[in-house]
Amino acid sequence: VCVCDLLNERVQVFDLNLRFLRSFTITDTLGSQITDLAFDSVGKIYAVNRHCNKVLILDPVTLKYEPDFGQRGENLSNPTGIHIAEYVYVSDCSNHRIVVYSLSGECVACFGREGQAPGSLKQPHSITTDANGFIYVCDFGNGRVQVF
């Protein structure tokens with residue numbers, strides 16, 4: 001179990017009995033503001049860094065990160081959540097939208113806009129999908145969960 005400990009700028013790792021195992025820091029040149037983590041099918045760590053507004057992909061052993069992922073024109077602003085399924089889903093909090101990437105980092109879709117109407121978002125945070133392909137978004141600013 002990995003927990004993003006934002007204020008202490010670290011990730012804490014626990015076993016399934018919630019015993020502490022270790023902690024580590026994911027630092028980028030602009031600092032460590034990791035708000036969420038996800039793991040792909042080969043164990044790479046995907047981390048959203050809200051301070052430098054990007055997704056970092058890290059080797060699980062060395063914690064060295066690969067070149068920028070998803071920096072091709074979609075301009076993330078305060079990304080807060082990430083989920084990996086068939087695609088990589090990122091909650092782009094300050095832009096009030098969800099950005100969808102291919103596993104290779106190409107932006108394939110964006111949806112949502114600021115507002116209160118169904119389908120609109122205000123500061124989306126956590127995101128996940130289910131086996132049927134539905135996307136669940138914690139629409140934090142509107143105090144609800146929306147399903148797409």
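In what follows, every heavy atom counts, from backbone to side chain, and hydrogens, waters and symmetry copies are set aside. Count residues from 1 along the sequence. Keep in mind the model is a prediction, meaning the values are calculated, not measured.
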For residues 125-135, the salt bridge (Lys or Arg N to Asp or Glu O under 4.0 Å) pairs (sequence neighbours left out) are none
Under 4.5 Å between side-chain heavy atoms, hopping through other hydrophobics if needed: is there a path connecting Ile45 to Ile34?
yes
If you round to the nearest 0.5 Å, how far is NZ of Lys122 from SG of Cys93?
11.0 Å
Are Pro124 and Thr80 close enough that some pair of their side-chain heavy atoms sits under 4.5 Å apart?
no
Ser102: partners by side chain to side chain donor-acceptor pair (under 3.5 Å), with sequence neighbours left out:
Ser104
Are Asp59 and Lys64 close enough for a salt bridge, meaning some N to O gap below 4.0 Å?
no
Applying side-chain contact (heavy atoms from CB on, under 4.5 Å) to Val48 and Val90, what does each step give before you reach the verdict?
CA-CA 8 Å; Val48 285; Val90 176; 4.1 Å; yes
For Gln123, what residues pass the side chain to side chain donor-acceptor pair (under 3.5 Å) criterion, not counting sequence neighbours?
none
Test side-chain contact (heavy atoms from CB on, under 4.5 Å) applied to Gln12 and Phe20, step by step:
CA-CA 8 Å; Gln12 296 190 59; Phe20 176 78; 3.7 Å; yes
Interatomic distance, Arg113 atom CZ to Ser120 atom OG [nearest 0.5 angstrom]
4.5 Å
Taking only residues at least two apart or on different chains, which pairs with a member in residues 132-148 satisfy salt bridge (Lys or Arg N to Asp or Glu O under 4.0 Å)?
Asp139-Arg144
At what distance, to the nearest 0.5 angstrom, does CG of Asn142 lie from CD of Glu114?
9.0 Å
Please report the shortest heavy-atom distance between Lys54 and Pro79, naming the atom on each side.
N-CG, 4.1 Å
Residues passing the side chain to side chain donor-acceptor pair (under 3.5 Å) test with Asn17, sequence neighbours excluded, are none
Gln33 (side chain) donor-acceptor with Asn53 (main chain) under 3.5 angstrom
no
Please round to the nearest 0.5 Å and tell me the distance separating atom NE2 of His51 and atom CD of Glu9.
8.5 Å
Ile82 vs Val55, test: side-chain contact (heavy atoms from CB on, under 4.5 Å). Steps then yes/no.
CA-CA 9 Å; Ile82 188 166; Val55 176; 3.9 Å; yes
Is Phe39 reachable from Tyr87 through a run of hydrophobic residues whose side-chain heavy atoms are each under 4.5 Å from the next?
no
What's the shortest heavy-atom distance between Gly119 and Gln146, and which atoms?
N-OE1, 2.8 Å
Quick check: closest heavy atoms across Leu56 and Asn49, and the distance to 0.1 Å?
CD1-ND2, 4.2 Å
Shared ILVMFWY cluster between Leu121 and Leu76, side chains joined below 4.5 angstrom?
no
If you measure from CG on Asn75 to CG on Asn95, what distance do you get to the nearest 0.5 Å?
7.5 Å
Joint hydrophobic cluster, Leu16 plus Phe14, side-chain heavy atoms closer than 4.5 Å:
yes
In short, Gly81 meets Asp36 closest at the heavy-atom pair CA-OD2, 3.4 Å
For residues Leu103 and Tyr101: do they belong to one hydrophobic cluster (side chain heavy atoms under 4.5 Å, members Ile, Leu, Val, Met, Phe, Trp, Tyr)?
yes
Got a second to check how far Ile127's CD1 is from Tyr89's OH, nearest 0.5 Å?
7.5 Å
Which class fits the ring pair His125 and Phe140: parallel under 30°, tilted 30 to 60°, perpendicular over 60°?
tilted
Would you indicate whether Phe134, at its atom CZ, is surrounded by more than 12 heavy atoms from other residues, nucleotides or ligands within a distance under 6.0 Å?
no
Tyr136 atom OH, neighbour heavy-atom count above 12 within 6.0 Å
yes
Do Phe148 and Phe111 make the cut of ring centroids closer than 6.0 angstrom?
yes
I'd like to know whether Val99 forms a side-chain contact (heavy atoms from CB on, under 4.5 Å) with Cys107, so could you lay out the CA-CA distance, the side-chain angles of the two residues, the decisive distance to 0.1 Å, and finally the verdict.
CA-CA 7 Å; Val99 181; Cys107 180; 3.8 Å; yes
Do any N or O atoms from the side chain of Asp92 and from the backbone of Ser77 form a donor-acceptor pair under 3.5 angstrom?
yes
Run the salt bridge (charged side-chain N to carboxylate O under 4.0 Å, His left out) test against Asp40 and tell me which residues pass, sequence neighbours left out.
none
